[in-house]
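One structure below.
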2 protein chains.
Amino acid sequence: MAAAHEDELVEMLIGLFQEIDGLFAAASRRLGLTPQQAQLLCFARHRQPSSGELAALLHCDKTNITGLVDRLQRRGLLTRRPDPDDRRVTRVHLTAEGEALSGEFQRVIDTTLTTGFSSWPSTERDDLIRLLSSATSGLRSRPRQAP
Amino acid sequence: MAAAHEDELVEMLIGLFQEIDGLFAAASRRLGLTPQQAQLLCFARHRQPSSGELAALLHCDKTNITGLVDRLQRRGLLTRRPDPDDRRVTRVHLTAEGEALSGEFQRVIDTTLTTGFSSWPSTERDDLIRLLSSATSGLRSRPRQAP
DNA sequence: ATGGACAGTCGAGATCATCAACTATTTGGT
DNA sequence: ACCAAATAGTTGATGATCTCGACTGTCCAT
């Protein structure tokens with residue numbers, strides 16, 4: 001067993017997590033958003049998620065989404081619209097202003113991450129993409145424990 | 001330029017971030033901690049950080065640390081001790097209970113991540129460790145912009 | 001129909017997070 | 001040695017995040 005290697009891998013994964021967490025905090029703050037608001041806007045960028053979907057994506061309770069969406073709606077960044085197929089669900093649609101702001105956020109993230117890899121040879125980039133893809137999908141089916 | 005590859009890499013990095021974020025949320029909740037509390041305890045596991053160091057590690061204002069440490073101290077998980085070399089700084093020391101709880105948290109994280117990679121050949125693990133190391137250090141010196 | 005599952009909201013209470021202002025201590029320049 | 005500037009931590013005020021239990025309304029399978 002390569003126990004030392006495993007520990008090292010875990011350490012690296014968490015280190016990268018911390019780094020991206022800091023990047024998100026700095027970028028959202030720069031735009032006058034909280035990290036949660038920025039992430040919610042990004043999730044609503046190309047689909048029109050329901051509150052329940054947003055709760056799953058943000059790893060929080062659905063009752064939290066109500067206030068989160070309330071504040072963003074009060075700022076004119078999104079609107080609530082009823083789902084035509086299921087009258088229980090309400091879907092979140094970005095306004096033009098919300099599109100612009102979330103686009104700005106995504107641009108900051110993209111350029112910061114991209115410039116961090118600008119000096120990498122494309123073979124290493126491809127390797128990393130391949131390994132990250134396997135890693136993420138491997139973790140996505142993580143063992144759930146009973147509540 | 002491999003613009004498509006860059007976008008794909010950014011997408012993968014964020015996907016992994018989301019996954020680890022969810023893992024942290026679930027693990028800390030299981031132990032009756034908030035994610036911030038769990039992270040703070042882990043940072044205090046082997047060193048005795050000052051409040052300012054904790055603020056930098058948690059990417060938040062130093063005034064936030066006061067209340068965070070207050071609540072953990074009230075639960076008997078850590079103590080404040082003055083730094084002998086600089087009477088301005090107070091350092092955080094975990095109690096035995098705090099050690100146990102943060103150890104439990106770290107164990108949950110470690111085993112979940114490790115089992116996610118248990119089927120990987122060691123050559124791929126080594127590749128991923130090497131690439132993540134480069135990536136994280138490359139991002140750690142990220143370009144700061146003026147406030 | 002009707003009972004159970006599901007989506008969203010509300011109210012209460014705790015935590016997280018920031019800002020301005022303050023005290024105490026350290027440091028460096030003169 | 002002195003004093004101004006920088007630093008570490010706390011406090012109070014304010015707003016945002018997050019969860020829990022309870023509630024309404026809708027869907028769906030029996």
Side-chain angles (χ1 to χ4, degrees), chain A residues 21-22 24-41 43-44 47-75 77-93 101 147, chain B residues 21-22 24-41 43-44 47-75 77-93 101 147:
Chain A
D21 189 52
F24 272 45
S28 51
R29 151 167 309 213
R30 176 179 308 280
L31 298 178
L33 295 168
T34 66
Q36 295 85 355
Q37 290 173 339
Q39 261 187 297
L40 193 156
L41 291 178
F43 282 137
R47 45 205 147 200
Q48 282 77 47
S50 68
S51 295
E53 289 165 348
L54 286 172
L57 290 167
L58 294 173
H59 310 118
C60 69
D61 195 273
K62 63 178 178 175
T63 63
N64 194 21
I65 302 298
T66 301
L68 216 38
V69 170
D70 278 348
R71 286 183 283 273
L72 291 170
Q73 188 173 23
R74 209 176 301 141
R75 282 169 65 169
L77 298 175
L78 54 79
T79 60
R80 276 185 242 240
R81 296 193 203 167
D83 186 306
D85 296 338
D86 188 336
R87 280 187 296 174
R88 292 174 299 179
V89 347
T90 68
R91 301 206 164 268
V92 158
H93 294 242
L101 196 54
Chain B
D21 189 54
F24 272 45
S28 51
R29 151 169 310 214
R30 175 177 309 277
L31 299 177
L33 295 168
T34 67
Q36 295 86 354
Q37 291 173 339
Q39 262 188 297
L40 193 156
L41 292 178
F43 282 137
R47 45 208 146 199
Q48 283 76 47
S50 68
S51 295
E53 290 165 348
L54 287 171
L57 289 166
L58 294 173
H59 310 118
C60 68
D61 195 272
K62 63 179 176 176
T63 64
N64 194 20
I65 302 296
T66 301
L68 215 38
V69 170
D70 279 347
R71 286 182 285 271
L72 291 170
Q73 189 173 22
R74 207 177 303 140
R75 281 170 66 169
L77 299 175
L78 54 81
T79 60
R80 277 184 241 240
R81 295 193 202 166
D83 185 303
D85 296 337
D86 188 336
R87 280 188 295 175
R88 291 173 301 180
V89 347
T90 66
R91 300 204 165 270
V92 158
H93 295 241
L101 196 54

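Values below: every heavy atom of this structure, side chains too, minus hydrogens, waters and symmetry copies. Just so we're clear, the structure is a prediction, and the values are computed from it rather than from any experiment. Quick note on labels: first sequence line is chain A, next is B, and so on, each numbered from 1.
Side chains of B/Arg74 and B/Asp70 form a contact here, defined as non-hydrogen atoms less than 4.5 Å apart.
Listed pair A/Thr34 / D/dT17 meets the phosphate criterion, a side-chain N or O lying under 4.0 Å from OP1 or OP2. The shortest distance between the side-chain N/O atoms of A/Gln36 and the OP1/OP2 oxygens of C/dA17 is not below 4.0 Å.
Smallest separation of non-hydrogen atoms from B/Asp85 and B/Asp83: N-OD1, 2.6 Å. A/Thr79 and A/Gln73 get closest at one heavy-atom pair: CA-NE2, 4.2 Å. Of all non-hydrogen atoms in B/Ala44 and B/Pro49, the two that sit nearest each other are CA-CD, 3.7 Å.
Computed from coordinates, the B/Leu58 CG to D/dG9 P distance equals 13 Å when rounded to whole Å. A straight line from CG of B/Asp70 to P of C/dT15 spans 11 Å, rounded to a whole angstrom. Rounded to a whole Å, the NE2 atom of B/His59 is 11 Å from the P atom of C/dT18. Between A/Leu54 atom CG and C/dT9 atom P the separation is 11 Å, expressed in whole Å. Between B/Asp61 atom CG and D/dA8 atom P the separation is 13 Å, expressed in whole Å. Between B/Leu68 atom CG and D/dG9 atom P there is a gap of 14 Å when expressed in whole angstrom units. Rounded to whole angstrom, the span from the CZ atom of B/Arg91 across to the C1' atom of D/dT10 amounts to 17 Å. One atom, CD of B/Gln73, and another, P of C/dT15, lie 14 Å apart when rounded to the nearest Å.
Remark: the B/Gln37 side chain and the B/Arg71 side chain contain no N/O donor-acceptor pair separated by less than 3.5 Å.
In the interface, the side chain of A/Thr63 is not paired with the base of D/dC18 through any donor and acceptor atom under 3.5 Å apart.
When each of B/Gln37 and A/Ile65 is assigned the nucleotide of DNA chain C bearing its nearest heavy atom, the one mapping closer to the 5' terminus is A/Ile65.
Checked for salt-bridge contact, A/Arg91 and A/Glu53 meet the test: a charged N lies under 4.0 Å from a carboxylate O.
For B/Asn64, there are no side-chain hydrogen bond (donor to acceptor under 3.5 Å, both in side chains) partners, not counting sequence neighbours.
Of the candidate nucleotides D/dC18, C/dC10, C/dT18, C/dT18 has the atom lying nearest to any side-chain atom of B/Asn64.
Nucleic acid contact class of B/Arg80 (heavy atoms, under 4.0 Å, all strands): sugar-phosphate only. Contacts of A/Arg29 with the nucleic acid, taken as non-hydrogen atoms under 4.0 Å apart, involve only primed sugar atoms and P, OP1 or OP2.
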Close N/O contacts between protein and nucleotides 23-30 of chain D (under 3.5 Å):
from   : atom 1 : to      : atom 2 : distance (Å)
D/dC27 : OP1    : A/Arg87 : N      : 3.0
D/dC27 : OP2    : A/Arg87 : NH2    : 3.3

